[in-house]
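Here's the structure, in structure tokens; my notes come after.
Counting starts at 1 for both ligands and their atoms, in listed order. FYI, side chains are in, hydrogens and waters are out, and symmetry mates aren't considered; it's all heavy atoms of this structure.
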Amino acid sequence: MPTPPTILVFDSGLGGLTVLREIVKTRPDAHYVYVADDAFFPYGHHGEDEIVARVVPLIGELIESHAPDLVVIACNTASTIVMSHLRDAYQVPFVGTVPAIKPACASSKTRRVSVLGTRGTVKREYTRKLISDFAQGCEVTLVGSGELASLAEEALSGQSVRDEDIATELAPCFVGYGADDPARTDTVVLACTHYPLLLERLTKLAPWPVDWIDPAPAIARRVSDLLGPANGNGDTAGAEMIFTSKRPHRLSAALTPFFGGRVPA
Ligand code: DGL
């Protein structure tokens, strides 16, 4: 029986689960280690140097203890700053998560796109460069949200989150005079992996319908291509979940669907 590949998926918290869920669908044969750096959450509130100083050695320790075949940085706030540092430091293949500006601008009909991310992600030189390279003539509005990642964590943890609080974070994405304005925003890039956790609520609270662009399926395809052909069906592969804070969490039932039905150890 071939050994299943180990994929380590890393985020500041629970947002990377939205990426994990797509990877599990494409690679049910793999063993998964999901790491939530909740001791340092939210990354969006930290400076660039702090994030590099936190993530690079932490990923080194995780590689040492779990020997993954591939590491996914399922966090835009980290990926837009740490990928070159990680690739310089470690041999393992890495896949990052960065704002899906290119496909969003390619598909927008009104040529008006918003990028909703953490305050850190929208400030990054990396994000600005994606816009200058791939906006393809679209007007791109950068919206840095201070609270949405935390609201998503609260919602997934079963706490009640008020519509008004979500709507306030969302409002600046909607540029235009309403659903009939031919120059209104018609596409919103979900540039933080936490936000797809709230997709149903975002859709309900949007002042008019838009396309929400989630890069997770594209990341899953990239992971699968890098790993090569699947080994078996995953019957022997398991799943682990690590919280860096080591705080107790009672999330098992909410987490299982993201792991394709497996209960993470
Ligand atoms: N999930 C992370 C991202 O994709 C950010 C959340 C945070 O601020 O820690 O950007």
Quiz item: Do other residues, nucleotides or ligands put more than 12 heavy atoms under 6.0 Å from the CG atom of Asp49?
Solution: no

Practice problem: Among all protein heavy atoms, pick the one closest to atom 1 (N) of ligand 1 and tell me residue, atom and distance. | Solution: His194 ND1, 2.7 Å

Quiz item: With backbone taken as N, CA, C and O and side chain as the heavy atoms from C-beta onward, which portion of Ala149 lies under 4.0 Å from ligand 1: side chain, backbone, both, or neither?
Solution: side chain

Exercise. Answer side chain, backbone, both or neither: which part of Cys192 comes under 4.0 Å from ligand 1, heavy atoms only.
Key: both

Exercise. Considering non-hydrogen atoms only, spot the tightest contact between Leu17 and Phe259 and give its length.
Key: CD2-CE1, 4.0 Å

Quiz prompt | N or O contact, Thr193 vs ligand 1, cut-off under 3.5 Å | solution = yes

Exercise. Check each of Ile73, Asp11, Thr77 against atom 10 (O) of ligand 1 and report the one with the nearest heavy atom.
Key: Thr77

Exercise. Answer side chain, backbone, both or neither: which part of Thr118 comes under 4.0 Å from ligand 1, heavy atoms only.
Key: side chain

Self-check item: Note: Arg128-Glu125 ion pair, threshold 4.0 Å (strictly below)
Solution: no

Exercise. Check ligand 1 against Gly44 and write out every atom of the ligand that is under 4.0 Å from a heavy-atom position of the residue.
Key: 7 (C), 8 (O), 9 (O)

Self-check item: For atom 7 (C) of ligand 1, the protein heavy atom that lies nearest, with its residue and separation
Solution: Tyr43 N, 3.3 Å

Practice problem: Using the six-membered ring wherever Trp is involved, compare the ring planes of Phe174 and Trp208 and label them parallel, tilted or perpendicular (cut-offs 30° and 60°). | Solution: perpendicular

Exercise. Give a yes/no on ligand 1: does Cys75 have at least one heavy atom closer than 4.0 angstrom to it?
Key: yes

Practice problem: Provide the number and element of each atom of ligand 1 under 4.0 Å from a heavy atom of Asn76. | Solution: 3 (C), 4 (O), 10 (O)

Quiz prompt | Criterion side chain to side chain donor-acceptor pair (under 3.5 Å) on Thr77 and Thr118, from CA distance to verdict | solution = CA-CA 7 Å; Thr77 314; Thr118 64; 2.9 Å; yes

Quiz item: So, does Arg124 use its side chain to make a donor-acceptor pair with the main chain of Gly120 at under 3.5 Å?
Solution: yes

Quiz item: Are Asp211 and Thr187 linked by a side-chain donor-acceptor pair shorter than 3.5 Å?
Solution: no

